[in-house]
Amino acid sequence: MSPSGHTCDVIIVAAGRGQRYGSENPKQYNPLAGRPILRWSLETFVAHPRVRRIVTVIHPDDRASFDAAAMGLRVQSPVLGGATRQESVLRGLECLAADPPDYVLIHDAARPGIDAHVISRVIDALAHAPGVIPVLAVADTLKRIDANARITETVPRAQLAAAQTPQGFHYDKIVAAHRAVRGLELTDDAAVLERAGLGVQTVPGGVANTKITTQDDLNRMEQTLLETRVGTGFDVHRFTEGDHVMLCGVRVPHTHKLLGHSDADVALHAATDAILGAMGAGDIGTHFPPSNAAYKDAPSEKFLTHAMALLRARGGTLTHLDITIICERPKVGPHREAMVAHLASIAGVEPNRISVKATTTEGLGFTGRGEGIAAQATATVRAPM
Ligand code: MG
C-alpha cells in the first residue's frame with residue numbers, strides 16, 4: 001500500500017520468445033551479471049515499498065525457467081501468456097480482477113535496469129492521470145528512410161520521446177480499455193489507453209532502463225551494472241617446529257613450519273580476506289570460525305575456493321590478485337612461478353591476473369627476527385553491488 005493509501009500491483013510481461021536475441025533460451029532467462037535477466041526486475045519490484053503483488057506472465061514452456069529465476073522471491077504464481085503481447089497483458093490484468101488494485105504497473109522483463117526512482121515517479125504521477133509512462137528524450141537526430149535505406153526526411157525530434165516501462169495505469173481504466181480493444185494489435189499499453197480516449201502523462205525514465213534485444217545490449221548492460229572494487233588482506237603466523245611451510249598452496253621446505261588451526265598458509269589467508277573485503281563479505285574468520293574442528297589442519301585452498309565461489313555467485317570476477325609475502329626465510333623466488341600457477345588454478349583465472357612478490361624487513365621486527373611470516377594481499381574485483 002502506498003502512503004496515499006492506493007494499492008499498486010505489478011504485471012511483468014515475460015512471455016516473449018526473443019527471436020532477435022539468438023540463444024536457445026528466451027533471453028529473459030539468460031544470465032545478466034550472474035542473475036537471470038527477469039530476476040533483476042523481480043528483485044527491484046519486490047524491494048519497492050509501494051508495490052503489493054507481482055504477477056509474471058510467462059510462456060507455457062518456461063515454467064521451470066521462471067521458478068529458477070524467481071527462487072526465494074515473494075511473487076505470485078505466474079500466469080500463462082497468450083498468442084500476442086497484448087493478450088498476455090490482458091491475462092495478467094484479469095488475474096488481478098478478484099482483488100483489484102487501484103493502480104497497476106505493466107513492465108517488460110527485457111528491461112532489467114529499472115530502478116526504484118522511476119517506479120516511484122510513475123506511481124506518484126498516477127494521482128493526477130489515469131495513465132503514466134516513463135520516457136527518455138531522443139538524443140539522436142531521427143531520419144525517415146525508405147526501402148532502399150535512403151533518407152526521405154529528417155524528423156524533428158523536439159516533440160518526440162522514447163517510451164519505457166513500467167507503464168502505470170488506474171486498474172479499472174486499463175482493464176476496461178484492454179477488453180475493448182481485444183483482437184486489435186497496438187504497440188504498447190499506453191496506446192491501449194490512448195485509444196480509449198484517456199490522457200497518458202509522461203515522467204522522466206531511467207538511462208539504465210533500456211531494453212535488451214541483442215547480445216550486444218546485454219554486454220553493454222553488464223558493463224553498466226558491474227562496479228570495480230578493491231579489497232585488502234593481511235595475516236601473520238608464527239613459526240613452530242617443523243620442516244616445511246605452505247605458501248600460496250605450495251609446499252616450501254624450511255627449518256620450521258607455521259603454527260595455525262588450518263595449514264597456516266599465511267598468503268592464502270591474506271588473499272582470501274582481500275577478496276572477501278572487496279565484496280564487503282566479512283573475513284575468513286566469519287566464514288570459517290577457528291572454533292570449528294572441521295578446519296583443523298585444513299588445506300587453506302578451500303578458503304580461497306569459497307571466496308571465489310561467493311564472488312561468482314554474485315556475478316563477479318577477479319580482475320587481479322597481488323600478494324606480498326614478508327619474511328627473511330625461506331626464499332620465495334624459486335617457488336614464485338609455481339605459486340602463481342597454483343593460485344590461478346584455485347581462483348580459476350589466467351596466471352597473468354595473479355602476482356606474488358616477496359620482501360624482507362631488513363632484519364627488523366618479528367619477521368626480521370625470524371619469528372614468523374606476514375603476508376598482505378590486494379584483490380581487484382568486478383561485480384554488481
Ligand atoms: Mg591466518
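Numbering of residues begins at 1 and proceeds along the displayed sequence. Both counts, for ligands and for their atoms, begin at 1 and track the order of listing.
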Short side-chain donor-acceptor distance under 3.5 Å, S300 and H269
yes

Thinking salt bridges, do K296 and D263 make one under a 4.0 Å N-O criterion?
no

Any side-chain donor paired with an acceptor under 3.5 Å for R382 and Q223?
yes

Please check if the number of heavy atoms outside E185 that lie under 6.0 Å from its CD is greater than 12.
yes

Donor-acceptor pair, distance only, cut-off 3.5 Å: does the side chain of K143 make one with the backbone of V155?
no

Enumerate, atom names and distances included, each donor-acceptor pair closer than 3.5 Å involving a side-chain atom of residues 316-331, sequence neighbours excluded.
| residue | atom | partner | partner atom | Å |
| --- | --- | --- | --- | --- |
| D322 | OD1 | S355 | OG | 2.7 |
| D322 | OD1 | K357 | NZ | 2.9 |
| D322 | OD2 | K357 | NZ | 3.0 |
| T324 | OG1 | K357 | NZ | 3.1 |
| E328 | OE2 | T361 | N | 3.2 |
| E328 | OE2 | G363 | N | 3.0 |

How many protein N, O or S atoms sit closer than 2.8 Å to the Mg ion (ligand 1)?
3

